[in-house]
Amino acid sequence: MSDAPGGMDATKNRRPGPYLGAAVRIDQIEADARLAEAVLRDCASLTPEIDMKWDALQPGPGDWRTGPADGLVAFARRHGLEVRGHTLLWDQSTPAWAKARLERTPGDWKIVADYFQAVLGRYGDAVSEWDVVNEPIDSEAPDGLRATVFQKAYGPTYIERALHEARAHAPNARLVLNDYGFDYDNPVEHQRRAAFLRLLEQLKTSGAPLDGVGVQAHLDLSKGPLKREILAPFFTRIADLGLSIAITELDVKEDGRRGDVAERDRKVADHVQAYLDIALDQPSVTGLTTWGLSDRHSWLQKQPMHPSANPTGMNRGLPYDGALEPKPVYWTIQQAVSGAKGPSTLTSR
């Protein structure tokens, strides 16, 4: 790889209280001035939606493609924003060549060690918090761990080993496990919460350098109401382990895309309000990141959306609609995170 992008240490710019951030792509920011304005107006932290995943950074052995990640880091530094590193190990973003090598030589840690050294060495001064392992939980597995390529190659201790490896190369960053499916009162998510808590307890008991957790919060209107008696104890159990909590990927999947837009937007905003009323009551919650800012760029769309597309056909689960106009959920998030009282107050920084 070429030299890492230079600049100031992002950890010096953290403001008090929960931060507000978004998952973004530098190509979209550079192509859309209104999106860039929204990012700078609303965000204290940026998460690379795609460009810091292994298959994006190193699609082939020795084939490093750091341009987009470097561009996002440079943009963040110019504007005094923090960067969340997403993500070091995730089964779904592991390049095919790396999976093949792990399958050929199970137990050989060198491929992971070399990757961590390269990436953390490059972005260590720019990234304040890393999702070291993404989505390790599987409620149907006997030990509660997803049968990833890493779990198969190294066994269940791969998570602890990855945390130690990350700490060796990024001594000042916060190290995090990030996962989903903890939000609702149903048997699967009950099992997922229990499995995740067991894993956290094991890691803390073993002395693993785990600083916090990421709770993705991909909310879903079809799953019913959010219940304080379910979520609040979950957050408390995490906090009692001495771990910080970041809401890392907030958005809302609608229960259908028909009906009055104003009513749909009200349902989304009310659901997010219910979630944040619970989550932000926990003092260990450090911040909130939405998975995108505009519905146009949401992973929940059935296909990529043009700015002129009919907004009623989009899933309306992010702060801005497809034309980058703020929706009721925008104000809900603003008020919850920064105390904004209405449309006259835009910034959360």
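Not measured: the values here are computed from a predicted model.
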- Parallel, tilted or perpendicular, as decided by the 30° and 60° cut-offs, for the rings of His271 and Tyr184: parallel

Please tell me if the side chains of [X] and [Y] come closer than 4.5 Å, counting only heavy atoms from C-beta onward.
{"X": "Val119", "Y": "Trp54", "result": "no"}
{"X": "Gln301", "Y": "Ser298", "result": "yes"}
{"X": "Leu20", "Y": "Ile333", "result": "yes"}
{"X": "Leu57", "Y": "Tyr123", "result": "yes"}
{"X": "Leu243", "Y": "Leu200", "result": "yes"}

- Hey, is the main chain of Gln151 close enough, under 3.5 Å, to the side chain of Thr148 for a donor-acceptor pair? yes

- Message: Keeping Asp321 on the side-chain end and Leu324 on the backbone end, is there a donor-acceptor pair under 3.5 Å?
- Response: yes

Can [Y] be reached from [X] by stepping across I, L, V, M, F, W or Y side chains whose heavy atoms are under 4.5 Å apart?
{"X": "Val215", "Y": "Leu318", "value": "no"}
{"X": "Leu40", "Y": "Leu46", "value": "yes"}
{"X": "Ile50", "Y": "Ile26", "value": "no"}
{"X": "Leu280", "Y": "Ile230", "value": "no"}
{"X": "Leu241", "Y": "Val176", "value": "no"}

- Starting from the C-alpha separation in whole Å, work towards a yes-or-no answer on side chain to side chain contact (heavy atoms under 4.5 Å, CB included) for Asn315 and Arg257. CA-CA 6 Å; Asn315 186 83; Arg257 302 185 184 184; 3.5 Å; yes

- Return each pair, listed once, that meets side-chain hydrogen bond (donor to acceptor under 3.5 Å, both in side chains) where at least one residue sits in residues 92-106; pairs must be two or more places apart or across chains. none

- Task: Sorted by first residue and then second, give each side-chain hydrogen bond (donor to acceptor under 3.5 Å, both in side chains) pair with at least one member in residues 112-121; sequence neighbours left out.
- Result: Lys110-Asp114

Closest heavy-atom pair and its distance - [X], [Y]:
{"X": "Leu175", "Y": "Pro209", "result": "CD1-O, 3.4 Å"}
{"X": "Ala166", "Y": "Leu88", "result": "CB-CD1, 4.5 Å"}
{"X": "Arg192", "Y": "Ser139", "result": "CG-CB, 3.8 Å"}
{"X": "Ala76", "Y": "Val83", "result": "CB-CG2, 3.6 Å"}

- Task: Please report the C-alpha distance between Thr289 and Arg84 in whole Å, then the side-chain angles of each, then the deciding distance to 0.1 Å, and finally whether the side-chain hydrogen bond (donor to acceptor under 3.5 Å, both in side chains) criterion is met.
- Result: CA-CA 10 Å; Thr289 295; Arg84 290 193 77 256; 5.2 Å; no

- Could you walk me through whether Tyr320 and Asp295 pass the side chain to side chain contact (heavy atoms under 4.5 Å, CB included) test, one step at a time? CA-CA 6 Å; Tyr320 290 92; Asp295 294 333; over 6 Å; no

- Item | From CA spacing to verdict: side chain to side chain contact (heavy atoms under 4.5 Å, CB included), Arg77, Asp125 | CA-CA 11 Å; Arg77 281 175 153 167; Asp125 289 339; 3.6 Å; yes

When rounded to the nearest 0.5 angstrom, what distance separates [atom1] in [X] from [atom2] in [Y]?
{"X": "Gln216", "Y": "Glu249", "atom1": "CD", "atom2": "CD", "value": "3.5 Å"}
{"X": "Leu177", "Y": "Leu203", "atom1": "CG", "atom2": "CG", "value": "6.0 Å"}
{"X": "Arg264", "Y": "Met314", "atom1": "CZ", "atom2": "CE", "value": "10.5 Å"}
{"X": "Leu197", "Y": "Glu201", "atom1": "CG", "atom2": "CD", "value": "6.0 Å"}
{"X": "Leu288", "Y": "Tyr275", "atom1": "CG", "atom2": "OH", "value": "8.5 Å"}
{"X": "Phe75", "Y": "Ile29", "atom1": "CZ", "atom2": "CD1", "value": "4.5 Å"}

Salt bridge (Lys or Arg N to Asp or Glu O under 4.0 Å) partners for [X], two or more places apart:
{"X": "Glu325", "value": "Arg34"}
{"X": "Asp211", "value": "Arg167"}
{"X": "Glu229", "value": "none"}
{"X": "Glu165", "value": "none"}

Should [X] and [Y] count as an ion pair when the cut-off is N to O under 4.0 Å?
{"X": "Asp70", "Y": "Arg122", "value": "yes"}
{"X": "Asp270", "Y": "Arg266", "value": "yes"}
{"X": "Arg296", "Y": "Asp32", "value": "yes"}
{"X": "Glu189", "Y": "Lys223", "value": "yes"}

Is it true that [Y] and [X] share a donor-acceptor pair across their side chains at a distance under 3.5 Å?
{"X": "Glu82", "Y": "Ser128", "result": "yes"}
{"X": "Trp90", "Y": "Asn178", "result": "no"}
{"X": "Gln335", "Y": "Trp331", "result": "no"}

- Query: Residues in side chain to side chain donor-acceptor pair (under 3.5 Å) with Glu37, at least two apart?
  - Reply: none

- With sequence neighbours excluded, what pairs up with Asp55 under the side chain to side chain donor-acceptor pair (under 3.5 Å) test? none

Going by side chain to side chain contact (heavy atoms under 4.5 Å, CB included), name the residues that satisfy it together with [X], two or more places apart in sequence or in a different chain.
{"X": "Ala23", "result": "Thr47, Glu49, Trp291"}
{"X": "Asp265", "result": "Val261, Arg316, Lys327, Pro328"}
{"X": "Ala232", "result": "Arg228, Ile278"}

Please tabulate, for side-chain N and O atoms in residues 140-147, each donor-acceptor pair with protein atoms closer than 3.5 Å (sequence neighbours left out).
residue, atom, partner, partner atom, Å
Asp143, OD1, Leu145, N, 3.0
Arg146, NE, Glu135, O, 3.2
Arg146, NH2, Ile137, O, 3.0
Arg146, NH2, Tyr180, OH, 3.2

- Would you check, one step at a time, whether the test salt bridge (charged side-chain N to carboxylate O under 4.0 Å, His left out) holds for Asp63 with Arg65? CA-CA 7 Å; Asp63 180 15; Arg65 303 186 185 183; 2.9 Å; yes

- Message: Run His86 and Met52 through side chain to side chain contact (heavy atoms under 4.5 Å, CB included) and show every step you take.
- Response: CA-CA 6 Å; His86 179 80; Met52 277 189 185; 5.8 Å; no

- Message: Set out, in order, the CA-CA distance, both residues' side-chain angles and the distance that settles ring pair (Phe, Tyr, Trp, His ring centres under 6.0 Å) for His218 and Trp299, then state yes or no.
- Response: CA-CA 11 Å; His218 290 296; Trp299 72 288; 5.1 Å; yes

